[in-house]
A.B. asks: 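A single structure is presented below for examination.
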Amino acid sequence: MDALTDLKAKYLSGISAASDEAGLEELRLAALGKKGEVSLKMRELGKMTPEERQVAGPALNALKEEIDGALRAKRAALADAALDERLKAEWLDVTLPGRPRPQGTIHPVSQVTEEVTAIFADMGFSVAEGPQIESDWHNFDALNIPPEHPARQEHDTFFMARAEGDNRPPHVLRTHTSPVQIRSMMANGAPIRVIAPGRVYRMDMDQTHAPMFHQVEGLAIGRDISMANLKWTLEEFCRAFFEVEQVDLRFRASHFPFTEPSAEVDIRCSWAGGQLKIGEGDDWMEILGSGMVHPKVLSAAGVDPEMWQGFAFGMGIDRLAMLKYGIPDLRAFFDSDLRWLRHYGFAALDMPTVHGGLSR
Ligand code: PHE
């Protein structure tokens, strides 16, 4: 029976030394597997005399059970240790205070664009769009600005490059949102009521000019739309936008090739104490250009000027933002300075509506 004692010592110490599941399985096969050492000994029982078998049988069974028991115990111990390891690794201090998420803000240009859109949407205008890289025809010719017209020089245009040998007029970075008038009328005909906010480009840079800035175009074409409708629409807009009871607008005769008659519009304001106030005082601030759409513009866009007429206007969104929110320098709008954005930015998710308040 010494052989059994040796086997027992060998396997029990092996099991206790095993460090993983694979090692245990190897030991199990070596002892209790089909060709394992204990199993082979079991097979020898058949060749023994009944007397021998009576002693050897129970001893072998006991050994088998002991090894089996040791294997189970060790397997459970290994699983416990693994769980302990995992719990240690995944430990989390739930009493730590939460980390505040960095909070972004809405840029004043986006805010004002939303405000303007909300006001005009309330008056039945939908939003139209056009490309920022625009054909020379849409940006100028169709708006009654032929190639030699002096207005072309005044626009300080950025031109796109053409491939060598391509002699067509180059595309331009649109100098105003007025080409969207043409695109909207060509796409949808008349009657039509749209606004078109977006980026425009001119070679210009100082405290109140940037080479890229934002305009919003307005266009209303119908059978009998007149200057009176233009005046009411703009007054209504200014009252809503500046959130004041009373606004005074001054329509000053002007000239744009694409409107006839044309008017620039000033708003009454005061600069008392260096602080701008809209709706009171003796100063006037220009805020937009406007007029009755020129018959040639209607024709160029495929709308019959004998049947249709209406007004258009264009105003600077950045300028509106500076006026309403007291922001002195336009260039800071596009510096991406986080301190500026935090100071002048608006809370995300507060959508401006006319009834719910534009700016709160
Ligand atoms: N497009 C003109 C500008 O950029 C503004 C304007 C638009 C004037 C529509 C009249 C009518 O200055």
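As the structure lists them, so they are numbered: ligands from 1, and atoms in each ligand from 1.
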A.B. asks: Examine L234 and I221 and state if one hydrophobic cluster contains both, with Ile, Leu, Val, Met, Phe, Trp and Tyr joined whenever side-chain heavy atoms are less than 4.5 Å apart.
C.D. replies: no

A.B. asks: Under a 3.5 Å distance rule, please check whether R239 uses its side chain to pair with a backbone N or O of V244 as donor and acceptor.
C.D. replies: no

A.B. asks: Quick one: does Q215 get an N or O within less than 3.5 Å of an N or O on ligand 1?
C.D. replies: yes

A.B. asks: Hey, does H176 come in under 3.5 Å of ligand 1, counting only N/O atoms on both sides?
C.D. replies: yes

A.B. asks: Has K324 got its NZ or CZ under 6.0 Å from the middle of the six-membered ring of F241, at an angle within 45 degrees of the ring axis?
C.D. replies: yes

A.B. asks: Give the single entry among M315, M292, R202, H255 that approaches atom 4 (O) of ligand 1 most closely by any heavy atom.
C.D. replies: R202

A.B. asks: Quick one: does ligand 1 sit under 4.0 Å from the side chain of S178, the backbone, both or neither, non-hydrogen atoms only?
C.D. replies: side chain

A.B. asks: Check the angle between the aromatic planes of F158 and Y201 and answer parallel, tilted or perpendicular using the 30° and 60° thresholds.
C.D. replies: perpendicular

A.B. asks: Could you tell me whether ligand 1 has any atom less than 4.0 Å away from a heavy atom of F258?
C.D. replies: yes

A.B. asks: For W137 and H171, I'd like to know if the aromatic rings sit close, meaning centre-to-centre distance below 6.0 Å.
C.D. replies: no

A.B. asks: I need the nearest protein heavy-atom contact for atom 9 (C) of ligand 1: residue, atom name and distance, please.
C.D. replies: E217 OE2, 3.3 Å

